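The block underneath contains the structure these notes are about, expressed in structure tokens.
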There are 2 protein chains.
Amino acid sequence: MDRQDRDGLPAYERIKAEIRTRIREGEWGPGDPIPGESELAASFGVSRLTAHRALRELAREGVIERRRRRGSRVAVRTGRDIVLEIPRIERLVAELGAVYELRLLARRTLVPPAEIRARLELAAGERALHLLLLHLADRRPFQLEDRWINLLAVPAAADADFTAIAPGSWLLEHVPWSEAEHVIAAENADPATAAALGIRPGEAVLVIERRTRNRNRVVTWARFRHPGASYRLATAFAPRS
Amino acid sequence: MDRQDRDGLPAYERIKAEIRTRIREGEWGPGDPIPGESELAASFGVSRLTAHRALRELAREGVIERRRRRGSRVAVRTGRDIVLEIPRIERLVAELGAVYELRLLARRTLVPPAEIRARLELAAGERALHLLLLHLADRRPFQLEDRWINLLAVPAAADADFTAIAPGSWLLEHVPWSEAEHVIAAENADPATAAALGIRPGEAVLVIERRTRNRNRVVTWARFRHPGASYRLATAFAPRS
DNA sequence: CCACGAGATTTGCATATACATATTCCGCTG
DNA sequence: CAGCGGAATATGTATATGCAAATCTCGTGG
């Protein structure tokens, strides 16, 4: 691009990498001040805007904190939350090296019971799509999915073929933007769940509930159950702001 | 700032908001092309660089996809993962409206058993700090924490007072940067765990394991156990790239 | 001695301009 | 008509410059 892109990296990326290295190596500890935009610009031989971009992006990534007049300093990460990524079910199974299968156990459009109606934030008497599915890994039960879909938010779901694609994947591809709330818990399998998952009643089951919103409407609510003994949800995270 | 910051927002933020709104309202669906930098610059009355910044940030946030010559389009979110935030234990308890307490059950520096040594990626014969803690919410057992800390990575941990601050929080404040892997599972409580958590043996327990790295070294490995019946880890997410 | 206001400093936003780079499109050639 | 090469186009990076906003410091007046 310009004089010195010896690493093939843009100048602002080289500055970011340099600062990150010094923080990682402990040269600059949490709370320590780091050079300002003008100083960095001079020492790297770039314009202030380029140094500004490097610092701005580091700030957005949560690596540093910036305030006018006060300058930039290494972020103190108190209160930082841990972030956990849950892959989609097909990928999860694929990463185990197992063959993924989907079985649609039930599909009905009906007026949901009061408890579900509240979770979907639906008007009284409004109908919703209810699905019961079993996800298999190498022909063994892997996840039992109990899902309700708000047809007012996603009318196209009424015509989707959920024997071919998991509702979670279908929704990800058809709903433009969303937020979700999660509940994670453990419970002892009741007889019905035990039968569906092929375990003994009372065995520990990992339960994940997810409610997804779009445009202030609840799109879907789902409860996933995994045999606790055989299943482990392993993920990686990077700390973020 | 300039001519028109009627919302108090910078120009690039107003452009981002406008684009996000059109996507959310469905005017532009997944995969649809959106106006280019020059076009946006003209229609908003800003320079191309300002429009560029708006689009660049939206791309980084995963809202749109950009390619040279091809232009920008609304992201198709297939393969997108779900992200889940786990708050720190103190905040988790505080959000339940309960009083948080910490009880240090055991603290020893010793050569870890082989299984733990492998998890910490420690050399043979190397010593590590082992902690056993009980976290209480309103005087009731909330979480049992079994933690090992690599003293080579965090020597200062040897002198920390873990009766006053939870190891997780202490580490967040003293280790400059880190990544982690998680395992989530459900299991039936063994007698020892049941006794510590005040539940009956066999009851479902939510298990979370976390291994944290820094500078390619394992900093700490911990296993958390929650009474499954009483505890629900509720979190929210926003989809990201 | 404290309060208040005037710099000084640092980050934040925006412009105009220039050139680099990736990729598509189109037309030329065989 | 297939394949190749160059033009066109949109994004990507960088410069120099100017002003805005936040906030710390210091000096002055009551």
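Treat the numbers as computed from the prediction; the structure is a model and nothing was measured. Each chain gets a letter, A, B and so on, in the order the sequences are listed, and its residues count up from 1.
Nearest-nucleotide mapping onto DNA chain C: of Gly71(A) and Leu49(A), the residue sitting toward the 5' end is Gly71(A).
Counting to the nearest Å, the P atom of dC25(C) and the CZ atom of Arg68(B) are 17 Å from each other. When the P atom of dA10(D) is taken as reference, atom CD of Glu65(B) falls 18 Å away, rounded to whole Å. Rounded to whole angstrom, the span from the CD atom of Glu57(B) across to the P atom of dT13(D) amounts to 13 Å. Note: CD (Glu37(A)) to P (dT15(D)) measures 13 Å, nearest angstrom. Atom pair Arg73(B):CZ and dT23(C):P shows a separation of 13 Å (rounding to whole Å applied). In this structure, the OH atom of Tyr12(A) is 9 Å from the P atom of dG12(D), given to the nearest Å. Summarising the geometry, the separation between CZ on Arg53(A) and P on dC13(C) is reported as 14 Å, rounded to the nearest angstrom. Between Arg14(A) atom CZ and dT13(D) atom C1' the separation is 12 Å, expressed in whole Å.
When the nucleotides dA8(D), dT15(C), dG7(C) are ranked by their closest atom to the side chain of Arg69(B), dA8(D) comes out on top. Listed nucleotides: dT15(C), dT24(C), dT21(C). Nearest to the side chain of Thr50(B): dT15(C). Nearest to the side-chain atoms of His52(A) among the listed nucleotides dG12(C), dA22(C), dT24(C) stands dG12(C). Closest to the side chain of Arg67(A), out of dT23(D), dA16(C), dG12(D), is dT23(D). Here dT11(D) is the nucleotide among dA21(D), dT11(D), dA16(D) with the atom lying nearest to any side-chain atom of Arg66(B). Each of dT15(C), dA22(C), dT13(D) was ranked by its minimum atom distance to the side chain of Val46(B); first place goes to dT15(C).
The phosphate of dT11(D) has OP1 or OP2 within less than 4.0 Å of a side-chain N or O from Ser72(B).
Within the nucleic acid shown, Leu55(A) has no heavy atom closer than 4.0 Å to any nucleic acid atom. If you check every strand for non-hydrogen atoms under 4.0 Å, Arg56(B) touches nothing. At the heavy-atom level, Arg70(B) lies nowhere under 4.0 Å from the strands shown.
Side-chain contact, Ser169(A) with Glu90(A): a donor N or O sits under 3.5 Å from an acceptor N or O. Side-chain contact annotation: Thr220(B) with Arg211(B), donor-acceptor N/O pair under 3.5 Å absent.
Here the side chain of His226(A) pairs a donor or acceptor atom with the backbone of Phe142(A) at under 3.5 angstrom.
In the displayed structure, Asn216(A) atom CG is contacted under 6.0 Å by at most 12 heavy atoms of other residues, nucleotides or ligands.
Using bins of under 30°, 30° to 60° and over 60° for the plane-to-plane angle, the ring pair Trp148(A)/His130(A) lands in the parallel bin.
Between the side chain of Arg48(B) and the base of dG12(D) there is at least one donor-acceptor pair of N/O atoms closer than 3.5 Å.
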